Protein chains: 2
Amino acid sequence: MEPTPRHIAAYFALMEAGALLQQLVEKQLRDEGNLSYIQFRVLAQLAEAPDQSVRMTDLADGVVYSRSGLTYQADRLEQNGLIVRTPSPDDERSVTVTITEAGREALAHVLPGHIDLVARELFGPLSEEDVTAMADVLTRVRDNLRNAPRRRAPRRRPAAGGDDGRPSR
Amino acid sequence: MEPTPRHIAAYFALMEAGALLQQLVEKQLRDEGNLSYIQFRVLAQLAEAPDQSVRMTDLADGVVYSRSGLTYQADRLEQNGLIVRTPSPDDERSVTVTITEAGREALAHVLPGHIDLVARELFGPLSEEDVTAMADVLTRVRDNLRNAPRRRAPRRRPAAGGDDGRPSR
DNA sequence: AGTATGCGCTTCGAATTCGAAGCACTTTCC
DNA sequence: GGAAAGTGCTTCGAATTCGAAGCGCATACT
């Protein structure tokens, strides 16, 4: 399939719109609540979780983020008293993250401004139909992207008969 | 305007789709051409410029990036011989960036895989109508976002009769 | 049971990011 | 014409980012 100019326009518009919006959002959260966008997403995810708790891995998957990056941000959030980390009861390896009262307050504090900002900057120029179309198309795109990255080739057959070129560790 | 669940879905879908796609693209460019996404955008912008040259500031605006960040990436690109920086002829302050032959080759080298990736991962699940709708809506959003951040209040009337409180530099 | 493999999280190091500050040149305004 | 304000870029420092490596627990296979 040959890409048309419209395809290219759609591609760049998506990337740029996402980047621009993230910059605005990041600034609002920083100014009003001293939170990064990732931290905001983490808190939001915890707040709507059944028992205010989620495992680290599920958090990372939820916010599209590297595991080490999440560890770093979780350190920040815990230092600031917005979350608590405890070993998971059922699986000794995993860590359960729970939002604290202070965390809920921090979230509640930035939320109104956040909603205002998004309503103004993102949805401002859009009609209801536009919003519907955008949600529809982008949801499909996102779900597709969430599955596609399965390029983590399982590396089957760990060189049963010879060196596969991978350096020893 | 009260945000509906559909608004929220659209907002997160935009942010996540952008982030996921960027990760895939970043990886492809890194693997196949040792380029970051920003570097790719810079080269692409230079390649389509009238005389293969653009000023630093215009580049930064074009790719949605901080000036200092662009300086850093321009250093990398220049070290690798993909661009050249020369003082601008008309304005002694500004720097004109020009893509080199090696730069064009690097771009040509990653482009086919790039187009494949985007066609597959982004446009794969979309119909022609979807692409049109997405381009239409997101272009408007992006253009709106490009202008909106004008919270740099123009600070009109530079205190014709007294100190406006702004610290001297 | 016992070893091999896999999973969940953190630590580590190196690269990248941004804003603030600095520098040099340009334009504006008396 | 000269100070004041603005513009374009780089430098600087501090924070953030990610992948690779490390560690301990869990699961599979025999």
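Treat the numbers as computed from the prediction; the structure is a model and nothing was measured. Naming convention: chains lettered A, B, ... in sequence-line order (proteins, then strands); numbering from 1 in each chain.
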Inset, instruction - Write down the distance between CD (Glu92(B)) and C1' (dG6(D)), rounded to a whole number of angstrom. - result: 17 Å
Legend entry - Spacing of Lys27(A) atom NZ relative to dG19(C) atom C1', expressed in whole Å: 11 Å
Legend entry - Side chain Asp116(A), main chain Gly113(A), donor-acceptor under 3.5 Å: no
Inset, instruction - Return the 5'-most residue of the pair Asp91(A), Tyr65(A) with respect to DNA chain D, ranking by each residue's nearest nucleotide. - result: Tyr65(A)
Legend entry - Thr86(B) side chain to Thr96(B) side chain, donor-acceptor N/O pair below 3.5 angstrom: no
Inset, instruction - Please report, rounded to the nearest Å, how far the P atom of dC9(D) is from the CG atom of Asp90(B). - result: 11 Å
If you restrict it to nitrogen or oxygen atoms, what contacts under 3.5 Å exist between nucleotides 9-12 of chain C and the protein, and what is each distance?
unit_1, atom_1, unit_2, atom_2, d
dC9(C), OP1, Met56(A), N, 3.3
dC9(C), OP1, Val95(A), N, 3.0
dC9(C), OP1, Val95(A), O, 3.3
dC9(C), OP2, Thr57(A), N, 2.6
dC9(C), OP2, Thr57(A), OG1, 2.0
dT10(C), OP1, Arg85(A), NH1, 2.9
dT10(C), OP2, Thr71(A), OG1, 2.8

Inset, instruction - Spell out, as yes or no, whether a donor-acceptor pair under 3.5 Å connects the side chain of Ser88(B) to the backbone of Ser94(B). - result: yes
Legend entry - Nucleotide dA15(D), atom P - distance to CG of Asn80(A) in whole Å: 13 Å
Legend entry - Between P of dC7(C) and CG of Asp61(A), the distance in whole Å: 13 Å
Inset, instruction - Find the bend of the helix from dA1(C)-dT30(D) to dC30(C)-dG1(D) as the angle between its two terminal axes (five pairs each), to the nearest 10°. - result: 30°
Inset, instruction - Can you establish whether the number of heavy atoms outside Arg6(A) located under 6.0 Å from its atom CZ is more than 12? - result: no
Inset, instruction - Nearest whole angstrom, please: distance from the P of dT17(C) to the CD1 of Ile38(A). - result: 15 Å
Inset, instruction - Hey, can you tell me if Phe123(A) and His7(B) have their rings parallel, tilted or perpendicular (30° and 60° cut-offs)? - result: perpendicular
Inset, instruction - Please check if the side chain of Glu78(B) supplies one atom and the backbone of Val84(B) the other of a donor-acceptor pair under 3.5 Å. - result: no
Legend entry - Phe40(A) and His114(A): CA distance, side-chain angles, deciding distance, side chain to side chain contact (heavy atoms under 4.5 Å, CB included) verdict: CA-CA 10 Å; Phe40(A) 170 74; His114(A) 190 75; 3.5 Å; yes
Legend entry - Between His109(A) and Glu32(A), a side-chain donor and acceptor under 3.5 Å: no
Inset, instruction - Ignoring the backbone of Arg76(B), work out which of dT16(C), dA26(D), dG19(D) is nearest its side chain. - result: dT16(C)
Legend entry - Residue-phosphate contact under 4.0 Å: Gln73(B) side-chain N/O, dT17(C) OP1/OP2: yes
Inset, instruction - Figure out the CG/P separation between Leu35(B) and dT16(C), and round it to whole Å. - result: 12 Å
Legend entry - Nearest-Å distance for atom pair OH/P, residues Tyr37(A) and dA15(D): 24 Å
